[in-house]
Amino acid sequence: MFNASLTQKSRPSARKLATIAALGLGMVAAPFALAAPAQAAGTSYACSVTPLKPVFAGFSSSGVKLLDYQIRVYCNSDRYVNITQQRWEEDDWPNGDDHLGTTYFSRHLNQYSGTVTIHNVRTLVDGEVGNEEVYQQVSYREGSNGVWSPYTGWYYSPVTSMSN
């Protein structure tokens with residue numbers, strides 16, 4: 001009986017220790033969890049670059065639909081920004097997404113430039129039966145006085161579904 005009561009008392013102590021350890025780990029991890037959305041916003045050192053959802057931009061002279069792949073850029077200090085934009089057509093599994101093209105942009109911005117929108121108007125590619133689901137992804141680096149940051153990871157726009 002004496003051994004049984006020792007075992008029962010050790011279990012609640014072990015549970016308390018596990019609870020305290022989990023709470024401590026949560027307190028340490030909380031600042032990192034809260035910091036994650038800032039990175040997802042497309043903000044690097046002094047600039048913010050956001051790929052916007054592609055929008056309908058009219059028709060070409062031959063009657064083909066046009067899409068405007070817009071990128072919003074803001075810098076809060078004097079910076080040069082190099083942006084790589086890739087345009088994609090989304091496909092369901094097991095087919096991979098189709099790469100539609102890549103464009104490179106360079107801009108010089110500062111806090112007085114305000115928010116700048118880069119427009120890249122392209123024809124809607126007819127690659128399948130039914131609607132085309134298109135999106136863009138961007139990666140960028142910023143520079144000042146000849147010193148450049150590394151390129152960021154890819155930031156994705158929402159998908160636009162458009163009939164041909």
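For Asn95, the CG atom is densely surrounded, since the number of other residues' heavy atoms within 6.0 Å is greater than 12. Counting heavy-atom neighbours within 6.0 Å of Tyr80 OH, excluding the residue itself, gives a total of 12 or less.
Atom CE of Met162 sits about 12.5 Å away from atom CD of Glu89, to the nearest 0.5 Å. The CG atom of Asn76 sits 11.5 Å away from atom OG of Ser113, with the distance rounded to the nearest 0.5 Å. The CD1 atom of Ile83 sits 5.0 Å away from atom CD1 of Ile71, with the distance rounded to the nearest 0.5 Å. Residue Gln111 holds its CD atom at 6.5 Å from OG of Ser77, rounded to the nearest 0.5 Å. Atom-to-atom distance recorded for Asn120:CG and Tyr69:OH is 8.5 Å, nearest 0.5 angstrom. Tyr155 contributes atom OH, which lies 9.5 Å from atom OG1 of Thr50 (distance to the nearest 0.5 angstrom).
Here the shortest heavy-atom pairing between Lys53 and Val159 reads CE-O, 3.2 Å. The two residues Ala57 and Val121 come nearest to each other via the heavy atoms CB-CG1, 4.3 Å.
Put simply, the side chain of Ser139 gets close to the backbone of Thr152: a donor and an acceptor are under 3.5 Å apart. A donor-acceptor pair is defined here as one N or O able to donate and one able to accept, closer than 3.5 Å; no such pair exists between the side chain of Asp91 and the backbone of Asp97. Between the Ser157 side chain and the Gln136 main chain, a donor and an acceptor come within less than 3.5 Å of each other. In this structure, Thr160 contributes its side chain and Pro54 its backbone to a donor-acceptor pair below 3.5 Å. Distance alone, capped at 3.5 Å, is enough to place a donor-acceptor pair between the Tyr140 side chain and the Cys47 backbone.
Residue Leu124 is grouped with residue Phe59 when hydrophobic side chains (ILVMFWY) are merged at heavy-atom distances under 4.5 angstrom, including chains of intermediate members. Residues Val64 and Leu66 fall into different hydrophobic clusters, defined by Ile, Leu, Val, Met, Phe, Trp and Tyr side chains chained together at heavy-atom separations under 4.5 Å. In the hydrophobic clustering of this structure, Phe105 groups with Leu109; members are Ile, Leu, Val, Met, Phe, Trp, Tyr whose side-chain heavy atoms approach within less than 4.5 Å, directly or through other members.
Residues forming a side chain to side chain donor-acceptor pair (under 3.5 Å) with Asp98 (at least two apart in sequence, or on another chain): none. Looking at residues two or more places apart in sequence or on another chain, you find no side chain to side chain donor-acceptor pair (under 3.5 Å) involving Glu133. Applying the side chain to side chain donor-acceptor pair (under 3.5 Å) test to Tyr45 and every residue at least two apart in sequence or in another chain returns nothing.
No side-chain heavy atom of Arg122 sits under 4.5 Å from any side-chain heavy atom of Leu67. Contact check for Thr84 versus Trp154: side-chain heavy atoms found under the 4.5 Å cut-off. With a 4.5 Å cut-off on side-chain heavy atoms, Lys65 and Asn164 do not count as touching. In this structure, the side chains of Glu142 and Val49 stay at 4.5 Å or more apart for every pair of heavy atoms.
Under the 3.5 Å distance criterion, with hydrogens and angles disregarded, no donor-acceptor pair is assigned to the side chains of Arg72 and Gln70.
Note on ring orientation: taking the six-membered ring where Trp is involved, the planes of Tyr135 and Trp88 are parallel (angle under 30°, cut-offs 30° and 60°).
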